[in-house]
2 protein chains.
Amino acid sequence: MATIKEVASKAGVSIATVSNVISGRIPVSPHLKQRVLEAVRALDYHPNHIARSLKVRQTHMLGMIIPDITNPFFPEIIRGAEEAARERSYLLITVNTDERVEREQNALAALRSRRVDGFLIAIAPGDGTIEHIRNAADSGTPIVFLDRVPPGIGVDSVVVDNVRGARECVRHLVRMGHQEIAIITGSLSLGIGRQRLEGYQEALSEAGIEYNPALVFEGDFRETSGYRLGKQIAFRQHLPSAIFVCNAMMTVGVLQALDEAGVHCPRDIALATFDELPFGRAFHPLLTCVAQPTFDLGFKGASMLIDRIEGKLTGGPVTIQLPAELSIRESTAAAGLNRARFTA
Amino acid sequence: MATIKEVASKAGVSIATVSNVISGRIPVSPHLKQRVLEAVRALDYHPNHIARSLKVRQTHMLGMIIPDITNPFFPEIIRGAEEAARERSYLLITVNTDERVEREQNALAALRSRRVDGFLIAIAPGDGTIEHIRNAADSGTPIVFLDRVPPGIGVDSVVVDNVRGARECVRHLVRMGHQEIAIITGSLSLGIGRQRLEGYQEALSEAGIEYNPALVFEGDFRETSGYRLGKQIAFRQHLPSAIFVCNAMMTVGVLQALDEAGVHCPRDIALATFDELPFGRAFHPLLTCVAQPTFDLGFKGASMLIDRIEGKLTGGPVTIQLPAELSIRESTAAAGLNRARFTA
DNA sequence: TTGTACGCGTTATCAG
DNA sequence: CTGATAACGCGTACAA
């Protein structure tokens, strides 16, 4: 690959002049500029960002750590973050941890070695060891948490109002006449898992419905746990009249389980889910869900991170809380109550 | 961030010794090794990969360029590629182009500036300008194409046997008694788009069914085009008895369109799709599809690329062709022929 | 095993 | 406005 020296030599100028043309920071006479640009094109010159990073001590790279790239929730976040990064000429590097803390640690180490300018992190569920994250924060690298925030660490974050979203969704179920509402939670070692459960509890309590632990099934946000717990619910001696599932991946599993068990939604049971599958438009029945502002989560997170990096945001930790929006659809239409029959 | 010098000083050894401990290339006495490791931990030292890259002239980074991260086909490929990269300690950097050639060019330039050791590329549809790719290839950086290969450039690739996959799928439709089979193609400026159409044509020809251009609808692999063309088909004066859709994203659109038009699958029309939605298990009806080996595509692509980079693979371009597998499910069950009624 | 000079490609600084 | 040159942090190679 051509170097700045070769360009300079080809254009008959000094390397400093080439550098000035490329960066545009210091004006160069049109005549020389022209010659430089020609040499750049002729040699297919691409400035060596590595050398540049070494010198300026920043890489213009953002490290993003997410737990599950096969959950469509995250690709949307990535798109948002990538868009913000692109606009401000940062490169986003995303690493997937498969919900494993050990991979999260490795990813963090790899990205710190690469000297990314900042981190966007959605943590994996774990036993609460966040030493690796605390270390990164202590090193002075800005961090913004996305969606999932570990406890006891004061950094920026962009999150969803999980409690409210869950509450409104369960309220809707109650309004539809449901008294016996099962919940399939996410990992309760995660704040978002607990918050959604909390919203569920609040909605029940408001309605004067007693909280029944036997209706609480703890999943892990992955499809297989939805499938497993869905089966468990379907084969209970007594079917609840509704299920509130705490994310869309698990809902896919639940749908399959119900289907195999011959339980029809919404005729036999109502289903509502936190989080939306982008492909839900093709589902039958259409799912009542709490849609999250995924793109925005990523976009705002990356924007905030870059502001921190560039010193445009100073002072204590900032938390941006985004609302989630309830969409009422077919899956909660008079279900399980045998008041009406619904055919998709 | 701590430097190798600080570690050396803290451990009371030379930087060369620290370097040797870290890299493990030259043995160091257990005693000193221990002291170095302690210092590393105490200082939370992370080797500066930037400086290292500048010296050794390789970054251990793989650049991946994909057209649509919201199409679940690609996250699976990313997982595969990332897995292969991780195992061989490379870092995968993925950039999404939103199917836009202009972004592809920018991505390529950015990654070349970053001096990635090689490229994994699934091209965006365009007017055939592949100068940017040819330049990258000419610069000596290894490239492996994934799934989508531009014409007229001799580089490695990992692809799917599209012709055969499509042919078998349409054959199945023919076997089910369909004579009038519409096709919603992908972008025909892409090889994969043309190949799937070719498979369709072959299957028809085998069966002695005349090829009818009026049944060919050109989409672009995105959901909205499926929706639009689905509507078009649904409102034709004469409904075909089956549709073969060339990828799953478009199928989601088609399903929605049929639904809105009151056309029921499989009762009124059969549907088969190339490519599988991972969430298809929750669909009604379950979709007959040609499943692609997505993870493998990514894994094999990245493995091959790293082999090239490390000189373990030499010689002319290699193409790995992976089979796609037909899964027959409910959406093609005796449809449109009014021979039977099927209720999901 | 250690010390150390050297170079990697760039940018920043300062002298012309 | 242009050019010469010293960093940036590390890996390598050598001599001690």
Side-chain angles (χ1 to χ4, degrees), chain A residues 1-37 39-40 43-61 89 110 112-117 139-141, chain B residues 1-37 39-40 43-61 89 109-117 139-141:
Chain A
M1 276 244 202
T3 69
I4 198 172
K5 270 186 200 158
E6 299 176 74
V7 174
S9 138
K10 175 142 196 145
V13 299
S14 73
I15 58 172
T17 301
V18 177
S19 177
N20 291 338
V21 170
I22 301 288
S23 72
R25 309 171 71 75
I26 295 177
V28 173
S29 69
H31 172 236
L32 288 187
K33 191 167 181 171
Q34 165 87 7
R35 292 231 312 265
V36 169
L37 260 17
V40 163
L43 296 171
D44 193 29
Y45 170 68
H46 290 259
N48 187 327
H49 207 281
I50 300 294
R52 179 174 203 286
S53 295
L54 186 59
K55 175 65 188 172
V56 304
R57 310 176 68 77
Q58 51 166 322
T59 54
H60 266 249
M61 299 194 301
S89 49
R112 288 185 67 187
S113 261
R114 252 84 183 196
R115 296 294 188 269
V116 295
D117 294 337
S139 78
T141 313
Chain B
M1 276 245 201
T3 71
I4 198 171
K5 271 186 200 158
E6 300 177 74
V7 174
S9 140
K10 173 137 195 149
V13 299
S14 72
I15 59 168
T17 302
V18 176
S19 177
N20 292 336
V21 170
I22 301 289
S23 71
R25 310 173 72 77
I26 295 176
V28 173
S29 73
H31 171 235
L32 289 186
K33 190 169 182 171
Q34 166 87 5
R35 292 231 310 266
V36 168
L37 259 18
V40 164
L43 296 171
D44 192 28
Y45 171 68
H46 290 258
N48 188 327
H49 206 280
I50 300 292
R52 181 175 200 286
S53 294
L54 189 58
K55 174 64 189 175
V56 302
R57 310 175 70 77
Q58 52 167 320
T59 55
H60 266 249
M61 298 194 301
S89 49
L111 293 173
R112 287 185 67 187
S113 261
R114 252 83 183 196
R115 296 295 188 269
V116 295
D117 294 337
S139 78
T141 313

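On a predicted model such as this, the values are computed, not experimentally measured, just so you know. Quick note on labels: first sequence line is chain A, next is B, and so on, each numbered from 1. These numbers come from the heavy atoms of this one structure, side chains and all, not from hydrogens, waters or symmetry mates.
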May I ask you to say what A:Pro30 touches in the nucleic acid, namely base, sugar-phosphate or nothing, with a heavy-atom cut-off under 4.0 Å? nothing
Reading 5' to 3' through nucleotides 7-16 of chain D, protein heavy-atom contacts under 4.0 Å coded B for base, S for sugar-phosphate only, - for none: BBBSBS----
Short side-chain N/O contact from B:Ser29 to OP1 or OP2 of C:dT1, under 4.0 Å: yes
Using side-chain heavy atoms (C-beta onward) and a distance below 4.5 Å, is A:Met1 in contact with B:Arg115? yes
So A:His60 and B:Arg114, do their side chains get closer than 4.5 Å, heavy atoms only? yes
Does a side-chain heavy-atom distance below 4.5 Å link B:Arg112 with A:Asp44? yes
pair B:Ile50-A:Ile50: side-chain heavy atoms closer than 4.5 Å: yes
Ignoring hydrogens and angles, write down the donor-acceptor pairs under 3.5 Å from the side chains of residues 17-25 of chain A, residues two or more places apart or on other chains.
unit_1  : atom_1 : unit_2  : atom_2 : d
A:Thr17 : OG1    : A:Ser14 : OG     : 3.2
A:Asn20 : ND2    : A:Ala16 : O      : 3.3
A:Ser23 : OG     : A:Ser19 : O      : 3.1
A:Ser23 : OG     : A:Arg25 : N      : 3.2

note: B:Asn20, atom CG; C:dT1, atom C1'; distance rounded to Å ~ 9 Å
If you assign each of B:Val28 and A:Met1 to its closest nucleotide in DNA chain C, which residue comes earlier from the 5' end? B:Val28
Under 4.0 angstrom between A:Thr17 side-chain N/O and D:dC1 OP1 or OP2: no
Can you find a pair of side-chain heavy atoms, one from A:Val13 and one from A:Val36, that are under 4.5 Å apart? yes
So what does B:Leu32 touch, heavy atoms closer than 4.0 Å: a base, only the sugar-phosphate, or nothing? sugar-phosphate
